[in-house]
Amino acid sequence: MKALFNSEKFLSPIPPLKVKPGIPHPKTRLVKSVLDSAAVDELSGIRNPSVSTSYRNPRLSRPNQTVLDAQTKVCTGPTQTKPLNAEQAFKVLDTILKSVKGELKDDEEVSNAQLGAFFAAMTIRANAFPEPTQWSEGERKAMTYYWPHLVRFLPPDVIFLADPEQSIMGMSSSIGPRFIGNGTSEMRLVGALREVLAGGHLGYEEVQGVLRDVLPLNLEDKKSAAVSESLLSAFFIGQRMNRETDRELKAYCLAFDDEHGPVPVADVRSLTHYGEPYDGNTRYFRSTLFVAAVRSCYGESCLLHGVDWMSPKGGITEEQMLKYMGANTHLSSMHAKKLLEDEDVGFAYISQREAQPSLYSLIGLREHIKKRPPLATTEKVQQFVRAKGKEAIVAGFYHEGYEESLLMLMRRRGVHSGLVVKGEEGALSMTTRLRSPIASKGLPVNYCSGFRSLNTTPTPTLDGVSRESFNTVVNAKDHGFEPSDTPRTDRSVTRNIELGLSALRGEKGPAYDRIVLNAAMVDHLLGCDGAHDISSALDRAKEAIDSGKALHRLLGYINKSNRVA
């Protein structure tokens with residue numbers, strides 16, 4: 001029987017514990033023992049980092065940490081922003097001044113993207129935010145002291161962002177009102193930014209025009225970029241701070257649907273698109289990959305999508321797990337279509353790198369703006385393969401209010417069913433743990449909202465699909481699950497894999513329960529065939545695991561993904 005990994009050189013995690021040289025880490029041995037239990041062809045030559053931070057592209061420049069910490073506070077919404085005190089503001093502006101004067105080098109340098117995000121945020125707060133989140137007294141004092149010095153060294157585009165109408169900093173510079181940008185693309189972006197910096201919103205065509213003008217970014221030769229990084233980062237963070245309208249979100253969602261031409265159509269009766277947060281999990285077990293293997297066993301095909309690494313979390317993603325286990329993570333939509341149609345597989349993963357390279361080119365910029373841009377919402381509602389049968393989209397969320405935006409985008413996609421889940425860490429995983437009596441305000445973990453198609457109704461919607469809406473909070477205890485703490489993974493890819501594979505081997509425990517719960521509840525809430533009764537849905541999910549079918553499909557996927565091209 002051949003093992004997936006037959007040499008310790010292909011299992012080289014970065015262990016959290018000290019071990020003697022030459023002796024495999026205990027967690028490595030457990031993963032290897034699980035994989036050794038299945039018969040699959042030998043795969044080799046795969047680099048296998050064991051922690052999520054290993055997947056960050058080392059060629060990307062790192063942001064200045066002092067300014068990044070400030071962006072965490074000020075580059076956010078009208079109620080979430082935390083104004084800087086005097087000490088913080090003086091430190092940040094002193095750092096920026098030293099950087100633009102050329103006194104800081106390498107990772108200490110404040111990037112153009114950081115300058116754009118920071119000063120755009122300060123301008124929007126001054127122009128449009130409520131009084132509690134406008135400039136603090138400390139910020140005003142620091143800006144009064146430093147601006148006469150900064151204006152001598154800052155580039156014109158950043159001066160424009162800091163004072164677009166010469167109404168914030170006084171008469172120290174007239175650059176802002178006269179600034180138009182360089183070239184047609186930048187001129188269009190500057191025009192849009194004047195509205196954004198005033199707290200306003202843009203039309204659908206206006207947003208799409210900007211995105212298509214400037215993407216993909218040229219990471220190798222920044223001088224050839226259509227627009228400056230400071231203006232582009234200001235655009236992204238500004239739209240998020242102003243809370244995007246439906247038409248703006250639709251523009252982001254649909255802008256690059258046709259980047260590779262028509263989307264292939266898989267000959268499957270049911271297809272669920274999974275929209276996990278692209279920046280991954282940093283604390284808790286991420287179950288969706290294993291849930292997909294389970295659901296595929298009874299004809300519910302699943303398409304996962306994401307990236308290898310994404311800020312701000314830089315957590316564990318499906319791509320990291322699949323890459324660690326030896327799967328091909330460079331599949332095209334046509335390759336994914338073949339795997340979805342394969343009766344022995346029935347699920348697939350597509351990287352944004354392959355499906356939408358224009359958006360993938362923003363990974364470095366997104367790290368430097370710190371907070372999540374509108375794309376963090378809309379990239380979860382994509383259809384990289386369509387289906388001849390019914391389609392559904394499932395997406396995770398955290399911040400209250402975005403559940404309705406996500407469902408709006410799903411309806412715009414024309415799918416039969418849609419579901420948003422407030423799982424742990426804003427991901428899709430519903431939990432079996434009890435809610436703490438001192439839980440944070442807002443919607444609780446395991447809150448679900450969505451819509452599903454009806455068999456008959458006299459009043460179909462405009463897209464021809466008739467739907468009913470619902471919302472509920474899933475209480476796992478009501479369905480026979482004993483409360484349990486969620487397994488911690490703490491950025492360990494190997495830990496997440498060993499939990500999932502052990503559960504697919506039939507090992508009972510918290511990971512097993514979460515995979516069963518999430519598979520069955522998604523089936524039930526989406527209105528899938530055979531899942532109208534929750535008990536029946538739970539039973540078939542358990543059978544898929546206990547029979548070994550789900551593990552067989554996952555390992556089969558690893559094998560066939562390397563042969564499908």
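Keep in mind it's a predicted model, so treat the numbers as computed, not measured.
- A salt bridge does not link Glu87 to Lys91: none of the charged side-chain nitrogens sits closer than 4.0 Å to a carboxylate oxygen.
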ask   = Glu403 and Tyr447: side-chain hydrogen bond (donor to acceptor under 3.5 Å, both in side chains), yes or no, with the steps?
value = CA-CA 10 Å; Glu403 72 277 14; Tyr447 173 85; 5.1 Å; no
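- For the 3.5 Å distance criterion, the side chains of Thr486 and Arg283 fail to qualify, holding no donor opposite an acceptor.
- Within 6.0 Å of CZ on Arg140 lie more than 12 heavy atoms contributed by other residues, nucleotides or ligands.
- Phe384 and Gln356 get closest at one heavy-atom pair: CE2-CD, 3.6 Å.
- With Ser52 as the fixed residue, the side-chain contact (heavy atoms from CB on, under 4.5 Å) test singles out one of Met321, Lys313, Gln320: Gln320.
- Between atom NZ of residue Lys98 and atom CD of residue Glu108 there is a gap of 9.5 Å, rounded to the nearest 0.5 Å.
- Between Glu276 and Lys380, the closest heavy-atom pair is O-CG, 3.7 Å.
- Between Asn112 atom CG and Leu232 atom CG the span is 12.0 Å, to the nearest 0.5 Å.
- Side chain to side chain, Thr282 and Glu425 meet the donor-acceptor criterion of an N or O pair below 3.5 Å.
- In the model, Tyr55 has no side-chain atom that pairs as donor or acceptor with a side-chain atom of Glu319 under 3.5 Å.
- Separation of atoms CD1 (Ile237) and CD1 (Ile369) is listed at 5.0 Å; rounding is to 0.5 Å.
- Other residues, nucleotides and ligands contribute over 12 non-hydrogen atoms within 6.0 Å of the CZ atom of Arg247.
- When every heavy atom of Cys253 is checked against every heavy atom of Leu409, the shortest pair comes out as CB-CD2, 3.9 Å.
- Among all heavy-atom pairs drawn from Tyr278 and Val307, the shortest one is O-CG2, 3.4 Å.
- Judged purely by distance below 3.5 Å, without hydrogens or angles, the side chains of Ser287 and Ser429 pair a donor atom with an acceptor atom.
- A parallel orientation is assigned to the rings of Phe160 and Phe179, their planes being inclined by less than 30° (bins at 30° and 60°).
- When all heavy atoms of Ala117 and Cys75 are compared, the closest pair comes out as O-SG, 3.6 Å.
- Sparse packing is recorded around CG of Asn182, with 12 or fewer heavy atoms of other residues, nucleotides or ligands lying under 6.0 Å away.
- Looking at heavy atoms from C-beta onward, Glu354 lies out of side-chain contact with His305 at the 4.5 angstrom threshold.
- In this structure, the side chains of Ile316 and Thr489 come closer than 4.5 Å at one or more pairs of heavy atoms.
- Counting only heavy atoms from C-beta outward, the side chains of Gln114 and Leu68 approach each other to under 4.5 Å.
- In this structure, His149 and Tyr146 have perpendicular ring planes: the angle between them is above 60°, well past the 30° mark.
- Within the model, atoms CZ of Arg243 and OH of Tyr402 stand 4.0 Å from one another, a figure rounded to the nearest 0.5 Å.
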key: Glu259 and Ser358: CA distance, side-chain angles, deciding distance, side-chain hydrogen bond (donor to acceptor under 3.5 Å, both in side chains) verdict   = CA-CA 8 Å; Glu259 187 160 8; Ser358 289; 2.6 Å; yes
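- In plain terms, the two heavy atoms of Trp147 and Ala162 that are nearest each other are CH2-CB, 3.5 Å.
- Atom NE2 of His201 has more than 12 neighbouring heavy atoms from other residues, nucleotides or ligands inside a 6.0 Å radius.
- Asp308 and Tyr360 share a side-chain donor-acceptor pair at under 3.5 Å.
- The residues Lys73 and Glu139 are annotated as not salt-bridged, no charged nitrogen and carboxylate oxygen being separated by less than 4.0 angstrom.
- In this structure, Arg488 forms no cation-pi arrangement with Phe285, as its terminal cationic atom is not both closer than 6.0 Å to the ring centre and no more than 45° off the ring axis.
- Residues Val151 and Ile159 are in side-chain contact: their nearest non-hydrogen atoms beyond the backbone lie under 4.5 Å apart.
- Electrostatic pairing of Glu206 and Arg188 does not count as a salt bridge here, judged by no charged N lying under 4.0 Å from a carboxylate O.
- Within a 6.0 Å sphere centred on CG of Asn471, other residues, nucleotides and ligands contribute more than 12 heavy atoms.
- Salt bridge absent: Lys250 and Asp246 never bring a charged side-chain N and a carboxylate O closer than 4.0 Å.
- In this model, no donor atom of one side chain and acceptor atom of the other lie less than 3.5 Å apart for Gln382 and Gln352.
- No side-chain N or O of Arg125 forms a donor-acceptor pair with one of Thr133 less than 3.5 Å apart.
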